[in-house]
Amino acid sequence: MSVVSPSIVEHTDRGPLGRDEMARVLAGDIPRGAYVNLGIGQPTTVGDHLPPESGVIFHTENGMLGMGPAATGDAIDPDLINAGKFPVTELPGASYFHHADSFAMMRGGHLDLCVLGAYQVSASGDLANWHTGEPDAIPAVGGAMDLAVGAKQVFVLMSLFTRTGEPKLVRECTYPLTALRCVDRVYTDVATFEITGGDEVLVRETWGISFHELRSRLDVPLIVATP
Amino acid sequence: MSVVSPSIVEHTDRGPLGRDEMARVLAGDIPRGAYVNLGIGQPTTVGDHLPPESGVIFHTENGMLGMGPAATGDAIDPDLINAGKFPVTELPGASYFHHADSFAMMRGGHLDLCVLGAYQVSASGDLANWHTGEPDAIPAVGGAMDLAVGAKQVFVLMSLFTRTGEPKLVRECTYPLTALRCVDRVYTDVATFEITGGDEVLVRETWGISFHELRSRLDVPLIVATP
Amino acid sequence: MTLLCTSADEAVSGIADGSTVLVGGFGTAGMPFDLIYALIRQGARDLTVVANNAGNADAGLAALLAAGRVRKIMCSFPRQTDSWVFDELYRSGKIELEVVPQGNLAERMRAAGAGIGGFYTRTGVGTLLAEGKDTREIDGRTYVLELPIAADVALISAHTADTLGNLVYRKTARNFAPVMATAATTTVVQVRHVVEPGVLDPEAVVTPGIYVDRIVQVSS
Amino acid sequence: MTLLCTSADEAVSGIADGSTVLVGGFGTAGMPFDLIYALIRQGARDLTVVANNAGNADAGLAALLAAGRVRKIMCSFPRQTDSWVFDELYRSGKIELEVVPQGNLAERMRAAGAGIGGFYTRTGVGTLLAEGKDTREIDGRTYVLELPIAADVALISAHTADTLGNLVYRKTARNFAPVMATAATTTVVQVRHVVEPGVLDPEAVVTPGIYVDRIVQVSS
């Protein structure tokens, strides 16, 4: 049996990550040349940290590979938008396809990675990100269920706590599920996590909080990697 | 109750149709502007009687709409062949697509008509045209099963009797089936038939044989239309 | 055979009350605005609409909803910042909503167009949207059975058509249109340009003319 | 990421004994001859080949069969006037044959590429080729359940690739290649031309580069 010692980076000399910093941390873990889909909302901002030189190729489920940065000024074209319906641009080597082909690409396991927001992620990687479950809420799922089951890896980008302080990394999701056991990593403002497939979640890095304090604030068994 | 009298054209002053005449008779029943797939072998010759001016648009299951006549001389292009693997040409307004799209078109009921050869057709419209059932035969189905279930109408083009004089329009097929209750009309050298969906087959026209003689040579209940 | 219509009103003529209507577009990209306004004038009621969204602002699909013509909408993403027309109808119980994951929406229409009676997908397994649906284990994984969405009419938009009905689209305005064209009994297309057969590159035609019943050219 | 190979031999390297290999082409149109000859030199044995035909004359796929490398072939139309290599192997019991209707062959590979666990089709209902398969009544009609065909490798041919792996084809040589590209773990493509990204029209790309792993340019 090897001696286990903690392998984690704890940034306790600073506060939690800002939204832009969270996106940058996640972007740093995306391999060169990966095919990536960024969910609508905050996940879209990950693209700001992956310029064309990164070799990362972006898929947008409304029918395009090789999506470029947001369009501005004269470059805005109402026929060229992303999944969040904002104007975008086209990079050399892009291709267009229809919705069934686009989702076949996604559901068939061809995308290396997708980045999604979440209401809750469970210790086993269940994802809840489409429906608050409130009776008067209007449910809207978009492509979230397809992405969650289809991408080779699912990264979640979210704040770790709600505005009222409730943790969003939980033992079991209480919100309606998007997909079972689909999340691989969770990037938050105070820590990054790996879903291990076991009962425990692995913590890789913390910001503005120590591992021990983090453990006291979550109801999920946390571990660190064997170095 | 109306008085029933035979409504049939009997050409008893001549012999059976030749192969080219059979194809011409069938071609005459194809509506202007129809989307049509011609099976390999004799059915392909129907196209000789439907020049581009006919407005009929030909589908070939290896991925093309708007197929033109056979290619000859310098027009032969190994990348442009029909389902029988013979060189063909492209007409203005043609389009190419891959095999899954091509068969989706066929299986989804979008083709108005296909013309197939047959070993046997049953009175209820069952088709046997892919396998002799002999133990040493190499079975080959191609697109026959897809065409038979997919096209809005299935026309069979065949000689009515085998070389040994056995009828090919039968009560029940003895050869392995291609599809159940799929045939709408049967064009042969001695008669044209409509499958009614009932127990009886309707005879529309005969060549070199009278309706009464035809009835004596087939084991299938035959009727003629009410005029 | 494809009919070249002289007006959007002619193009939508004959749509019956109670029809299921596929409406192309993702947000406003590719939305067939002229055909929708013609449908409002045409007057068909009690429609089931299948679309990705439930209308934006007061235009297009939102206007059809506001006119009270839609009994039910099947879509993946009704809730948008400017979907106030739908939101109001939904909260007051005046419209039925069936939320369908976007991939299932596309694949179920493809199935209808391709003669597929149903298909097994992993999308939705274990969620509210798979409740009551058949599941099956295949190769050790659980799948949900989804059934085709066929329709009476598809209203879509394309960039250029030839007179045989072959269509090409422009950028992400393509989205659902090619799939919808295959899934409807009657497919009606508004286009920016109409050309003669032979002008479009046969290698680049996206929707072959066999899927297109009526075309109308509109000023864009 | 797509790898541009300098030879067909490099392009087929690493194909393991016992692999399932999709081979593009309809007859000889679109058949990846150079890749097949490289596979013969490479030496992998005990292969399951999925293709429309079982080889023509002594070339291409027929040569692979003649070299004794193929344990089983899944195809729609093995019996051709010039399929003497296959005919001899089949009659002498040296190769296993699974006849698959051509539409099922294409749709089953599409299913593998699209994450579909299985689908219901009317093709084959009541025939020998549906024996032993599950059936289901849907909307009053009988359908047969067909399962995906996934593969280790696809060997296909295209007209032009860009260095990101985007492909365009030429006329009916397209046939099975775009579907096969989606159904294999590793897709290897022989092309006549290679261009830089941005040269191909994004509206006319048939196979997006995400499906392509290795490219080799061959003289045609």
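Quick caveat: nothing in here was measured; it's all calculated off a predicted structure. Note on naming: letters A, B, ... go to the chains in the order of the sequence lines (proteins, then strands), and numbering restarts at 1 for each one.
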statement: Most contact-rich option vs chain A, by heavy-atom pairs under 4.5 angstrom, among D/G115, D/G209, D/P202, is D/P202
- prompt: Who among A/G150, A/S95, A/G33 has the most heavy-atom pairs with chain D under 4.5 Å?
  reply: A/S95
field: Minimum-distance pair of heavy atoms, taken over all atoms of A/A94 and D/V205
entry: O-CG2, 4.2 Å
- prompt: Mind checking what makes ring-ring contact (aromatic ring centres under 6.0 Å, His included) contact with A/H110, not counting sequence neighbours?
  reply: D/Y211
message: I need the residue from D/L200, D/T182, D/D201 with the largest number of non-hydrogen atom pairs under 4.5 Å to chain A.
response: D/T182
query: For the atom pair CG (A/L65) and CG (D/L164), what is the distance rounded to the nearest 0.5 Å?
result: 10.0 Å
query: Of the listed residues (D/A114, D/A204, D/G165), which shares the most heavy-atom pairs with chain A below a 4.5 Å separation?
result: D/A114
statement: Under 4.5 Å to a heavy atom of chain D? For A/L91 that would be neither
message: Test side-chain contact (heavy atoms from CB on, under 4.5 Å) on A/L111 and D/I210; report intermediate values, then the result.
response: CA-CA 8 Å; A/L111 293 175; D/I210 193 170; 3.7 Å; yes
- line: Whatever's closer than 4.5 Å to a heavy atom in chain D on A/M105 counts as both
- prompt: Does D/R136 CZ have over 12 foreign heavy atoms under 6.0 Å away?
  reply: yes
message: Heavy-atom count check: over 12 atoms from other residues, nucleotides or ligands less than 6.0 Å from A/D199 CG?
response: no
